[in-house]
Amino acid sequence: MKSPAISQAMDILKMLRQISEAEVDISEKLEKIIVMIVRQMKADAGACYIQIDENYLELFASCGYSPEADHNITIRIGEGLVGEVAKSKKSLVVSNVWKHPQFSYQPSMAEDKYKSFLGVPLIRWGRVIGIITLQHKKTHEYSNSEVEIAETVAMILSDLVASDEMSEFKNELFRSRGQSGKEKYKGISLSNGYGMGTAIVHRRRQAVSKIFADDKDAERQKLDVAYAKMNQDLDDKFTSTQLGIGEHVNILEAYRMFAKDKGWYNKITNNINSGLTAEAAVERAYEDMWNRLSGTQDTYMRERLHDLRDVADRLLGYLCGDENSSDSKDLQDIIVVAKTMGPADLMDYDYHKIRGLIIEDGTPTMHVSIVAKALGIPVISKIRGICKEIKNGQLIAIDGTDGYVYIEPTEQVKKKFISKQAEKQKAAQRLSELKKLPSKTKDGTRINLYLNVGLSFDLDYIETTNCDGIGLYRTEIPFMASDTMPDVEKQTSYYQELMDRVGRKKVIFRSLDVGSDKLLPYWSYGGEDNPAIGWRSIRITLDRRAILRKQMRAFLRAAAGKELNVMFPMISNLAEFQDAKETLMIELEKEKRKGQNVPKQVNVGLMIEVPSIVFQLDAVLQEADFISIGTNDLAQFIFACDRGNPKLSNRYDVLSAPFLKMMHDIVQKANQAGVPCSVCGEMAANPIEALALIGIGYRNLSMSGASIGRVKSMVRSVKLEDIEDYMKTLLKSNRRTLRPQLISYANDHGIEIC
């Protein structure tokens with residue numbers, strides 16, 4: 001027998017559906033819905049506010065207040081109780097508004113007679129798109145069941161507020177106020193380039209039409225089938241796709257593991273057991289996670305919430321039988337347009353046909369942005385309402401350099417884009433021809449270019465780039481891609497495959513580097529306020545020594561009869577390096593005593609990522625066979641600046657004099673000690689930054705395969721003696737960044753930095 005609260009919720013949802021499907025305009029629907037909710041919840045007043053821009057909400061419909069209030073009241077995000085709900089993205093219960101410090105009185109609403117307040121956000125894609133409120137004249141303590149009913153109503157109502165019908169109504173409303181449409185929109189570029197093609201509007205999310213289950217067993221079976229099908233399709237998609245190497249591959253592998261997470265799956269099952277349908281159970285599991293984690297400042301957790309939203313929407317598609325939403329098979333050139341999307345969504349399309357990506361809510365650190373950038377796809381974001389302006393089938397041109405989107409571009413614009421695309425193809429052809437040429441400067445100095453490698457198919461770049469070897473093998477990827485901890489035999493097979501594929505070229509293995517933003521599904525980490533500087537990397541494996549010993553054993557066996565190069569990440573002091581090195585040497589002696597075939601030579605190094613180790617560099621260089629600088633972590637620690645935070649992305653630059661001076665000092669000391677020194681962070685992959693590195697003394701650079709052609713082109717166009725002299729002058733500068741000067745120098749001297 002259903003409880004009174006469940007029966008009440010079902011009645012409200014039934015009426016909400018009836019009103020939503022009625023043949024009346026959207027404004028009338030919203031008014032009727034608010035009146036119905038107020039009556040059913042036995043409240044005295046209610047309202048629906050809709051977010052109209054990044055800063056304000058507008059009252060769209062109300063009941064119990066002044067009739068003239070609708071569309072005449074706007075509230076800033078963070079202002080008053082309504083604004084606080086929008087800012088926090090969480091429900092707010094107040095028994096007496098007049099005693100609440102956040103209360104902001106609105107005289108034109110005639111709200112003098114009301115005391116209690118319940119505000120619930122309407123959330124879509126992690127963004128607040130509106131607020132519904134209820135008020136009573138007397139002091140009223142809202143029960144948990146009342147809040148849950150309001151939140152369930154908000155979940156359904158958000159579909160109406162985010163609909164095309166509402167978008168058209170808002171456009172008409174804004175046009176009546178003097179706002180007119182346009183064909184050219186300005187946004188923020190997340191990935192450079194030019195693209196033109198047919199618009200495909202990405203709409204994955206399914207509306208949850210039924211909340212309560214009739215048959216729990218049937219719902220659980222339905223979930224099992226959809227869950228298995230989704231994960232099998234993801235496995236097939238990622239395995240068959242040649243994506244190259246780099247951070248984007250790590251992201252997609254982490255996404256795949258996220259989709260297989262048992263904890264999330266169990267939460268959905270528990271929701272079904274409590275009486276929800278499979279679809280509603282998925283949505284509730286996401287909302288619970290959002291409520292717990294949405295306030296975090298941790299970049300990793302924020303991106304995980306984006307991924308969880310995408311996984312939830314993907315699973316909803318399978319539950320609804322709508323898993324194949326792409327309608328682009330017959331098109332040659334497409335522009336994908338989305339409110340937001342996950343990294344796996346790009347794989348739903350033939351990414352070879354994607355000429356551009358428009359993400360309304362995109363950020364530079366958003367995973368789909370990183371994947372698209374790695375695939376050479378121009379990306380533009382932060383054009384509010386663009387998803388409603390663009391329709392399927394329209395011709396779209398995007399300028400990823402200046403951040404413009406053109407809807408149905410003119411002939412003049414088309415010619416410009418065709419010309420730009422032709423230039424890009426010529427540049428790609430030039431880079432392909434570089435494979436046969438040596439990586440030498442104009443005055444004959446050899447600059448060694450190595451690969452950063454993650455997965456086995458990344459090794460295709462060994463042949464296509466003719467690189468000098470593997471400067472960084474990310475051994476954590478096999479660990480992240482597995483449901484259980486790989487044993488010594490499994491690890492050995494991974495590493496041996498790499499050694500066999502590389503042949504005689506150099507390979508540097510990095511020991512297991514997990515924690516922070518790379519979590520293993522079968523480990524328990526606990527919460528950390530600052531995971532980037534917490535229990536991660538070498539700190540984990542030294543604490544869990546058995547893991548480190550097993551990995552060292554696998555390295556030794558995989559490199560039997562060959563040269564083995566092992567480096568330890570995140571070393572913060574000499575003792576840490578000595579401890580890790582000793583672990584490797586003990587395993588080497590054990591293998592010898594067992595009569596095992598061992599490497600002919602073992603070289604042990606470390607990554608320079610933690611600033612403290614720079615102050616012990618002289619002592620380190622007496623014990624290390626080589627060092628490699630991870631500029632990603634080193635830079636963010638030096639500047640105390642989260643490189644994943646878009647608000648801080650322009651606040652520091654690795655091409656500042658202080659950072660370059662430190663980099664210069666490191667390579668000079670390494671050269672004096674006769675210890676090979678390389679750079680394996682993102683700095684090595686950018687031609688203008690690599691130019692600076694060469695100018696201050698670096699001769700070994702390791703990067704993604706997609707970057708080698710561009711960096712080699714720069715190397716072959718520079719005269720080393722000249723850039724070394726110029727860098728000596730630049731290092732004396734006190735400017736915040738030396739990037740403009742280096743770009744001007746490159747342009748003046750014909751150095752290729754594109």
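- There is no side-chain donor-acceptor pair under 3.5 Å between His100 and Glu84.
- Under a 4.0 Å N-O distance rule, the pair Asp579/Arg545 qualifies as a salt bridge.
- Judged purely by atom type and a 3.5 angstrom limit, Asn632 uses its side chain to pair as donor or acceptor with the backbone of Glu682.
- For NZ of Lys222, the number of neighbouring non-hydrogen atoms (other residues, nucleotides, ligands) closer than 6.0 Å is greater than 12.
- One finds a salt bridge joining Arg510 and Asp513 here, because a Lys/Arg side-chain nitrogen approaches an Asp/Glu carboxylate oxygen to under 4.0 Å.
- Using a 4.5 Å cut-off on side-chain heavy atoms (C-beta onward), Met155 and Ile123 make no contact.
- A heavy-atom distance below 4.5 Å is found between the side chains of Asn231 and Tyr227.
- The shortest non-hydrogen separation linking Ala580 to Ile538 is CB-CD1, 4.0 Å.
- The CD1 atom of Ile12 sits 12.0 Å away from the CG atom of Leu157 when rounded to the nearest 0.5 Å.
- By the 4.5 Å heavy-atom criterion applied to side chains, Arg539 and Ser572 are counted as neighbours.
- In this structure, the side chains of Leu118 and Leu92 stay at 4.5 Å or more apart for every pair of heavy atoms.
- The line from CD1 of Ile50 to CD1 of Ile131 is 9.0 Å long, rounded to the nearest 0.5 Å.
- Without hydrogens or angle criteria, Glu609 side chain to Met570 main chain gives a donor-acceptor distance under 3.5 Å.
- The CG atom of Asn144 sits 11.0 Å away from the CD1 atom of Ile149 when rounded to the nearest 0.5 Å.
- When each of Lys550, Arg553, Gln551 is paired with Glu587, the side chain to side chain donor-acceptor pair (under 3.5 Å) condition holds for Arg553 and for no other.
- Here the closest heavy-atom approach between residue Lys210 and residue Ala280 is recorded as O-CB, 4.0 Å.
- Nearest approach of Gln491 to Pro486, heavy atoms of both residues: NE2-O, 3.2 Å.
- The side-chain contact (heavy atoms from CB on, under 4.5 Å) test with Val82 singles out one residue from Ile132, Thr133, Ile77, and that residue is Thr133.
- Contact of the Thr269 side chain with the Tyr265 side chain is registered, since non-hydrogen atoms from C-beta on lie closer than 4.5 Å.
- Between Tyr49 and Val85, the closest side-chain pair of non-hydrogen atoms is not below 4.5 Å.
- What you find for Met552 and Ser511 is that their closest heavy atoms are CE-CB, 4.1 Å.
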Derivation of the salt bridge (Lys or Arg N to Asp or Glu O under 4.0 Å) call for Arg284 and Glu287
CA-CA 5 Å; Arg284 175 60 71 182; Glu287 288 180 350; 3.4 Å; yes

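- Aromatic ring pairs are classed by plane angle as parallel below 30°, tilted from 30° to 60° and perpendicular above 60°; the pair Phe509 and Tyr473 is perpendicular.
- Distance alone, capped at 3.5 Å, is enough to place a donor-acceptor pair between the Glu219 side chain and the Ala278 backbone.
- Atom NZ of Lys339 and atom CD1 of Ile359 lie 12.5 Å apart (nearest 0.5 Å).
- Atom NZ of Lys29 is surrounded by more than 12 heavy atoms from other residues, nucleotides or ligands within 6.0 Å.
- The local environment of CD in Gln221 is sparse, with at most 12 non-hydrogen atoms from other residues, nucleotides or ligands closer than 6.0 Å.
- The CE atom of Met166 sits 5.5 Å away from the CG atom of Leu160 when rounded to the nearest 0.5 Å.
- One distance of note links CD of Gln51 with CD1 of Ile129; it measures 9.0 Å at 0.5 Å rounding.
- Taking all atoms of both residues into account, the shortest heavy-atom contact from Ala285 to Asn271 is N-ND2, 3.4 Å.
- Taking the side chain as every heavy atom from C-beta outward, Val93 and Val147 approach each other to under 4.5 Å.
- Two residues are said to be in side-chain contact when any heavy atoms from C-beta on lie closer than 4.5 Å; Ile200 and Val337 fail this criterion.
- Annotation for Cys387 and Glu360: closest pair N-OE1, 3.2 Å, computed over non-hydrogen atoms.
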